[in-house]
Amino acid sequence: MQSATKKRDFKSRSTKVRETSSVNENMPVIAGKHLLKIPSLFTLALFLLSFTSRVQSNDVLIYSFWASCLALLAWQGWLLKHCATQKTEKSFIVALKPQHYIQAMVHLSVYIYWGMNWQPVQDHAVLLIAQIMFAYSFDILLSWTRRESYQLGFGPFPIIFSTNLFLWFMDDWFYLQFIMVAIGFLGKEFVRWNRDGRFVHIFNPSAFTLGLFSLVLITTNTTDLTWGPQIASTLSLAPNMYTYLFLGGLVVMYFFSITLVAASAAMVMFALSALYFSIAGVPYFLDSDVPIAVFLGLHLLVTDPSTSPRTPTGRLVFGILYGIGVFVLYTVLDMLGSPTFYDKLLCVPLLNLSVQWIDRMVAPLRNNALLENWGLGVTPSKKANLVHMSIWIGFFIVISLLGKTDSRHVGDSLPFWAQACEEGRANACERLILLESTYCNDNSGWACNAIGAEYFYGNNVPQDTERALAYFSRACDLRFQAACLNFLDPSQISLANPRAFDFRLLLREAGQNLLGMPEDQLYQRACEHGWEFACDKSVSI
Amino acid sequence: MRQLINFKLRITFSVLAIVLLATQNAFAQFDVEKWSLADEPLLGFVAIPTGSFPMGSNPLIDPMAFENERWSQSRRQGIVDVPLFYISRYETTVAQFREFANATQRNVSASSLEGEANYPVTNVTWTDAVAYARWLDQQLRMASDLPSQLRRFLDEGGRVTLASEAEWEKAAKGEEGRIYPWGNQADKSKANYSSDGVVPVGSFDCPDCSFGLADMSGNVWEWTRSPYQEYPFDETNDRDDLASDALWVMRGGSYSDEANNIRASVRGAADPGARRPFIGFRVVITKQ
């Protein structure tokens, strides 16, 4: 091994190196001919992972892995030849940055807790490791193609982790996941601007690729190729997930002073939700005041220090705009008939684009003593961050005590929406239909029969007898007796109460597994959700 | 010696005659121009006249009777009046079901469409069967050359559907209440049971069978439009119990059953979403 560790000689490097962002003179440099083989070690690891039972379970997955390996090897081969021809060497600059490994550890803790409560996360672990191997190989090759050195650290970890916390593709389409990762790194490398005299990437790499893919998936109506909706709804399967994310968020807030971004976004959203509820009488978001995936996003997606404003006031504005952006996008996506879970992803790249403008906009506040006293001027301060954190902690405790976080949400209750629909409240009937349709897709015979009756009579939806019969047929196949009779003879439509099996689906509150819950507890839970007949039943059981 | 030759010739001719007869019966004719229904004046529908019949089993006559065939605590059988209805002579075939599937694009099991044209359709859910009946009802109503007898019956309130338990049982056992469609003794020459698989509909010659219907015993179980409930049978209370999981009655037994399960009174039941290689159906036109 001819590699050598040496202090980096900044002056001897070309200006290109300076473009790669925060490199300082104390970072050790590793150089040598054999280093060129390092990316192939990551590629080899990726190849070996393709022989795990998880990958071997699906042909497309295997070919996706092998195609990625082949592409990386080809690139590596070209690079080796190029270096030999040019007689150049490549090097690593070891850069272990806290914003990478601390963020990655927080991400990992979320995966572990979530995975303990949702099996697909455990199944995804191998694919997550594979993406990290791919990311390292890709990122090194990309850096070495463009310049002499690569900053070796934990950089790819938070990018892969935060991407996968919001979107991953089904096995049959998993090659798109590798493309998504690659685009994230390409965006980081090529989409740059001059900010405060340094040539740095504009977009948070994971938010960039997530935003781009969200647009493509929305416009091509191909969300079902991904686990996106399931990811967005199953985070809350883990008990007290809001509190868990809040605690993890405190770590990030403490180290990187992003409290103003996350806290202001959260506060704005809770405030807007409360305002909407007080006006409309129904929740704005279907099953929470701030959806759990949005809460995750405002802690771990939008808070990348290098792509958010530098000034405290700027960060405050940035967070407020994120909160408003998600709020507005939720309705816009709903109106377009698109899945609403993209709301938290689409506005991040736009906000990243606006950070310089935001910093400039707040610059006139430089001499405002009041704002400076509150740590909201233009000079970042560790002490002010602690004050902001304590305000955020206080706020979170209050809203939790008010039942706005981990407690049961009024929007989880179907009878609530049925009542609201009857009373003609805003969007309530649309929400009711959406919920019934969702539960029908989850195989609740009761829900299929209920929505069938809506279509049969033209209640809240355009009358459509054929569609009604299709719903009755599906409900009957799910053994819902009233639906069988409705399907057989629609001249008389019967509705019936949900069975215990239906309640195991209807009362999940965003996806809890109730399959093993004893019937008395199930009916007690149904009673709490507003199913009156269940109150008597829970007593009799 | 001559006697022996005569005997052999008689045997040979008898065998040939049986084979010829069996071949004729094995290939009941269907009309592809008319939804592949039977090529008969009434499209294969047979009128079952108004009248009563003994429903359920009497263990004194039928020692194989199951408990769920008993009419009530106090009575072994009930006398049930069934108004005129028409029942298909044959079980619904693969060809007929294929026409329906092609026309409606209903999402049916691929295995239900795989068999030979004149075999009974199998691997169909109860809802598939009801959907087929509804489709056929529409086709018959729109047909310009529908036999007048059927046209009149449809116009007077008849509809194509599955048989109720009572209709099915009456058609199978006749007004006199036989144990099997042909009489009171099991007979392997008259039905496909205790065998390895389904056979084409109408394969068995059974002139003695009630109303000339084919395969009422054996071949495939047949879905009915009756939810499974304890006797006494009463079609008006079908909507009384909506809390239980759905279970629908099927009748007639299948190729895989023994003689006790192909009796006309036997009551089977299955989950309406069940698709099985031994469950099919036949349709009726009824005003009930």
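So you know, we letter chains A, B, ... as the sequences are listed, proteins then strands, and number each from 1. Just so we're clear, the structure is a prediction, and the values are computed from it rather than from any experiment.
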Around atom [atom1] of [X], are there more than 12 heavy atoms from other residues, nucleotides or ligands closer than 6.0 Å?
| X | atom1 | value |
| --- | --- | --- |
| Asp240(B) | CG | yes |
| Arg276(B) | CZ | no |
| Trp35(B) | CH2 | yes |
| Glu67(B) | CD | no |
| Gln122(A) | CD | yes |

Measuring only between side-chain heavy atoms, which start at C-beta, is Trp248(B) closer than 4.5 Å to Gln481(A)?
yes

Does a side-chain heavy-atom distance below 4.5 Å link Leu485(A) with Leu242(B)?
yes

Once you round to the nearest 0.5 Å, how far does CG of Leu162(B) lie from CG of Leu488(A)?
7.0 Å

To the nearest 0.5 Å, how far apart are CZ in Arg225(B) and SG in Cys484(A)?
15.0 Å

Take Ser473(A) and Arg106(B) through the test side chain to side chain donor-acceptor pair (under 3.5 Å) and record every step on the way to the result.
CA-CA 11 Å; Ser473(A) 172; Arg106(B) 184 180 165 86; 3.0 Å; yes

Portion of Ala274(B) that has a non-hydrogen atom of chain A nearer than 4.5 angstrom
neither

Checking heavy atoms, do the side chain of Asn107(B), its backbone, both or neither come under 4.5 Å from chain A?
neither

Arg239(B) and Asn486(A): which non-hydrogen atoms are nearest, and at how many Å?
NH1-OD1, 3.1 Å

Heavy-atom nearest pair, Pro272(B) first then Asp477(A), reads O-OD1, 3.7 Å

What residue in Cys476(A), Gly445(A), Ala470(A) has the most heavy-atom pairs under 4.5 Å with chain B?
Cys476(A)

Under a 4.5 Å heavy-atom cut-off, does chain B meet the side chain of Leu469(A), its backbone, both or neither?
side chain

Derivation of the side-chain contact (heavy atoms from CB on, under 4.5 Å) call for Arg479(A) and Leu247(B):
CA-CA 7 Å; Arg479(A) 306 189 69 184; Leu247(B) 208 55; 3.7 Å; yes

Go through the side-chain N and O atoms of Arg499(A) and Ser244(B) and say whether any donor and acceptor fall under 3.5 Å apart.
no

